[in-house]
> 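Starting off with a structure, shown below.
Below, all heavy atoms of this structure are taken into account, side chains as well, without hydrogens, waters or symmetry copies. This one's a predicted model, so the numbers in the text were calculated from it and none came from an experiment. A, B, ... follow the sequence lines: proteins, then strands. Residue 1 opens every chain.
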Number of protein chains: 2
Amino acid sequence: MLAKIKAARDTLRKSEQKVADVVIADPEESVQSSIQAIATRAAVSEPTVIRFCRALDCVGFQQFKLKLAQDLARRGTFFYQDVTVDDSSKELANKLLDGAIASLVQIRDQINEAALDAAIALYENSSRVELYGSGGSAVVAEDAQLKFFRLGKPAIAYSDPHIQHAAAALLDKNALVIAISHSGRSSDILKTVEIARQAQAKVISVTATRSPLAQCSDIALTVDVNEDSDIFSPVKSRLAQMVVLDVLAVGVAVRGGDHMLEQLARARRAIDFKFV
Amino acid sequence: MLAKIKAARDTLRKSEQKVADVVIADPEESVQSSIQAIATRAAVSEPTVIRFCRALDCVGFQQFKLKLAQDLARRGTFFYQDVTVDDSSKELANKLLDGAIASLVQIRDQINEAALDAAIALYENSSRVELYGSGGSAVVAEDAQLKFFRLGKPAIAYSDPHIQHAAAALLDKNALVIAISHSGRSSDILKTVEIARQAQAKVISVTATRSPLAQCSDIALTVDVNEDSDIFSPVKSRLAQMVVLDVLAVGVAVRGGDHMLEQLARARRAIDFKFV
DNA sequence: TCCAGAGGTGTAAGCGAATTACACAATTAT
DNA sequence: ATAATTGTGTAATTCGCTTACACCTCTGGA
C-alpha cells in the first residue's frame, strides 16, 4: 500500500499529492487519524482525502486505513534494509531475500481480483497473445511467453521496441497484447500500445498503479514495489511481475477446467526431462 | 490480538462471548464488517460489541478493527497449497503468491555463506563471465547478464545449447562460467560445463543440491525448491535462481567498496528513464 | 419464597465521522 | 477570449459509532 502510494503519487492531482505526502511522511500517525485530521494536516478538504483513497482503489477512507494498517504491520516481519559494505555475505543474502520476500507479500495484498478476472476473460476471447517488454522487462515477457504458449494459443514475446511497433501494427481485434513495464512511462512501450489499440487489439498491462501505461490499457494488473533499495536493475519488480503473470496464466488454465490442468501437468513432466 | 480474544473468551460475559466466537470464526470477515453486521451475526446488540472491544483494551470499535487487521496481516504463515478449479481468482493468487514466498523463505535459510564468498572471489579473479541456461533458465541467465555486465567485466548469456558448446570451447582459464539449471541433470548443460572445464574455465552452478551439475562445478550455489505444485514451468525455482544471482552480483559490488556501489546507483538512475 | 441489589443487556437517542451533491475555481483547448 | 473540462472546496446528508438510560436477570440474604 505504501509502495502503491509512492508509485501513484506523481499521477495524482495536486491536492491529493499533498495528502500522499502527509501519509508517506508519517504512516503510523495516519492510520490513527480521522479524515479531518489528515485533511487539516495536508491543508486540503475532507472530500479530497476520500478522492485520494479512491484513486488508490479503496472504496472509502476506512478501507484505506485498514489496508495501510496491514501494510505497516507487515513491515515488521520481512522488511528490507539497505546493504552496507561491511555486511557479511550471510547478512547480505538475508537482507536481499527479505527485501524480495517483502515485495511479494506486498503484491499478495495488492491483487485486484476484478482486474484479474477481466484479464482472464480477455485471454479467453482472444486468438493470440503478444508480449512486449524492454530492458529488464524483456526477461519477464520471455518467461511469460513460455507459460502462455502452452495454453493453446500462439504466444510470442518481442523485446526490441522497433519490432514491437511493427508487430503491434499488424494486430487485429482478436489479438491480445500484454505490455510489461516497471515504471509504465517508457515512451517506447506507450507508443507500442497506442499502435496496438489503433489496430483494435486488447491490451493488458503489468505495471505501476496509475502510470501512463496503466491508464491507456484495457486492463492493468498493477505491480507496485518499493525499489529504493535495489542497487542494480529492479529485481523485485521483476520477481513480482513474473509472479503476477504466473497467476494470470494459472488462472486461465484453471478456468479451462480439470482437463486443461491435467494436460498441462503432462506437458510439464514431458519437458522437465530435457529443459529446466 | 486473536490470541488475546481466545484467551479472554471465557472471562467475558455471555453476550460478549458470542461476539468473540463470531470474530474467531471468521476474522477476515470481521475486519471488513461494521459494528451492525457483527452484532447481527452474533445475535447481540451493538453496544455489546463495543463492550467487547473495551474488554480487550481497545478504546472503541475502530481501534479494535485496526488491531485485528494488523494481527491478521502479521500471521505471515505462507504455506503453499495446490490450486483447485473452484478457487476464486483471489484465492488462486494468494495460493500462488504464498507458494512463491515460501520458496524464497526456504532459500533464505539455505544460503551457503562459504560458497557465496568463494563465488565472489571467483568472479573477482576472472576477466569475463558467460552465463548458460536453457529453457526456463535461459530467462534467468539473461536477467543475470543485465546485472553482471554493469560490474565492469564482459558478461554474456547464451540459451542455445549448440552455441553454448561452441562458446565454452573458446574459453580460457580467466573465464568464469555461470551455469543455471533447475534439475542440474540436463545433458546439454552437463556437456557444456565439461567442455568449459576442459578449457580451464572456472564454473559456478546455480542448481539443485548434489545434482550432477553441482558435482561437476567448482562452486555450487544451491537452490532447492519444492516444485510439486507448479502447474507450468517451475516459477518458484526461477524466482529463487534470480534472487540468488542477485545476491551474488550485489555481493561482488559490495566487495568492490562504496565507490562501486555509488557508480552502480548512478548507472541505474540513468537507465531508469529509458528502460525499466 | 420473596426481596434487594448488583451486574448484564438491549433500546433509543445523540453525536460525530464519512460520504455525496453541488457549485465554484482553475486550467486547457479552441 | 471563451467554452469545456478538470479539479477543489462548501454544505448537506447519511450512516455508523457511541452514550445514556431503562429493563431484565441473576445472586444472596431474610
Side-chain angles (χ1 to χ4, degrees), chain A residues 1 5 7-24 26-71 190 194 209-212 214-216, chain B residues 1 5 8-24 26-71:
Chain A
M1 198 64 198
I5 299 174
R9 203 214 100 120
D10 292 337
T11 74
L12 296 171
R13 318 202 241 257
K14 232 187 293 111
S15 320
E16 288 168 18
Q17 288 187 7
K18 291 188 205 164
V19 180
D21 293 340
V22 166
V23 174
I24 292 169
D26 194 347
E28 284 82 6
E29 175 71 29
S30 300
V31 282
Q32 310 221 344
S33 307
S34 69
I35 237 181
Q36 271 190 6
I38 292 180
T40 309
R41 229 173 304 148
V44 299
S45 68
E46 291 164 35
T48 298
V49 178
I50 300 214
R51 289 180 200 118
F52 164 80
C53 301
R54 300 259 158 88
L56 263 30
D57 303 317
C58 296
V59 332
F61 179 69
Q62 290 297 344
Q63 197 187 55
F64 167 76
K65 259 179 31 174
L66 227 59
K67 285 193 179 181
L68 186 60
Q70 298 204 330
D71 208 49
L190 289 170
E194 189 191 325
T209 303
R210 297 175 62 81
S211 63
Q215 282 166 348
C216 70
Chain B
M1 195 69 196
I5 299 173
R9 202 214 99 114
D10 293 336
T11 73
L12 296 172
R13 320 203 244 251
K14 229 185 298 114
S15 319
E16 289 168 15
Q17 289 187 7
K18 289 188 206 164
V19 180
D21 292 340
V22 166
V23 173
I24 291 168
D26 193 347
E28 283 81 7
E29 176 72 28
S30 300
V31 284
Q32 309 217 344
S33 307
S34 69
I35 224 177
Q36 273 189 8
I38 292 181
T40 309
R41 229 172 306 148
V44 299
S45 69
E46 291 164 34
T48 299
V49 178
I50 299 221
R51 288 178 200 121
F52 164 79
C53 300
R54 299 260 157 87
L56 262 30
D57 303 318
C58 296
V59 332
F61 180 67
Q62 289 299 343
Q63 197 187 57
F64 167 76
K65 258 181 29 175
L66 228 58
K67 284 192 181 182
L68 184 61
Q70 299 205 330
D71 205 52

> Under the salt bridge (charged side-chain N to carboxylate O under 4.0 Å, His left out) rule, collect the residues that match up with B:E16, sequence neighbours excluded.
B:R13

> Using side-chain contact (heavy atoms from CB on, under 4.5 Å) as the criterion, list what pairs up with A:Q215, not counting sequence neighbours.
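Counting only residues at least two positions away or on another chain, A:Q215 forms a side-chain contact (heavy atoms from CB on, under 4.5 Å) with A:R210.
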
> Heavy atoms of chain A, cut-off under 4.0 Å: which first and last nucleotide of DNA chain C, 5' to 3', fall inside that, if you could look?
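With heavy atoms of chain A under 4.0 Å away, the range is C:dA17 to C:dT20.
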
> Who are the side-chain contact (heavy atoms from CB on, under 4.5 Å) partners of B:I50, not counting sequence neighbours?
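Only B:I35, B:R54 meet the side-chain contact (heavy atoms from CB on, under 4.5 Å) criterion with B:I50.
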
> Side chains of B:Q63 and A:Q32: does their closest heavy-atom pair fall under 4.5 Å?
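Side-chain contact under 4.5 Å: no.
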
> Can you sort out the partners of A:R9 under salt bridge (charged side-chain N to carboxylate O under 4.0 Å, His left out), two or more places apart, ordered by chain and number?
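A:R9 satisfies salt bridge (charged side-chain N to carboxylate O under 4.0 Å, His left out) with A:D21 only.
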
> In chain order, what residues pass the salt bridge (charged side-chain N to carboxylate O under 4.0 Å, His left out) check against A:D10, with sequence neighbours excluded?
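Salt bridge (charged side-chain N to carboxylate O under 4.0 Å, His left out) check on A:D10 returns nothing, list empty.
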
> What's the shortest heavy-atom distance between A:K67 and A:C58, and which atoms?
CD-SG, 4.1 Å

> Pair up each side-chain donor or acceptor in residues 37-45 of chain A with any protein partner under 3.5 Å, not counting sequence neighbours, and list the distances.
| residue | atom | partner | partner atom | Å |
| --- | --- | --- | --- | --- |
| A:T40 | OG1 | A:Q36 | O | 2.8 |
| A:R41 | NH2 | A:S33 | OG | 2.7 |
| A:S45 | OG | A:T48 | OG1 | 3.1 |

> For DNA chain D, which residues of residues 16-23 of chain B approach it to below 4.0 angstrom with any heavy atom?
none

> List in numerical order all residues of residues 35-51 of chain A for which some heavy atom is under 4.0 Å away from an atom belonging to DNA chain D.
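Correct list: A:V44, A:S45, A:P47, A:T48, A:R51.
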
> With sequence neighbours excluded, what pairs up with B:D26 under the side-chain contact (heavy atoms from CB on, under 4.5 Å) test?
B:E28, B:E29

> If the condition is side-chain contact (heavy atoms from CB on, under 4.5 Å), which residues does A:L56 pass it with, not counting sequence neighbours?
A:M1, A:I5, A:A8, A:F52, A:F64

> Does B:R54 make a side-chain N or O approach to OP1 or OP2 of D:dT19 shorter than 4.0 Å?
yes

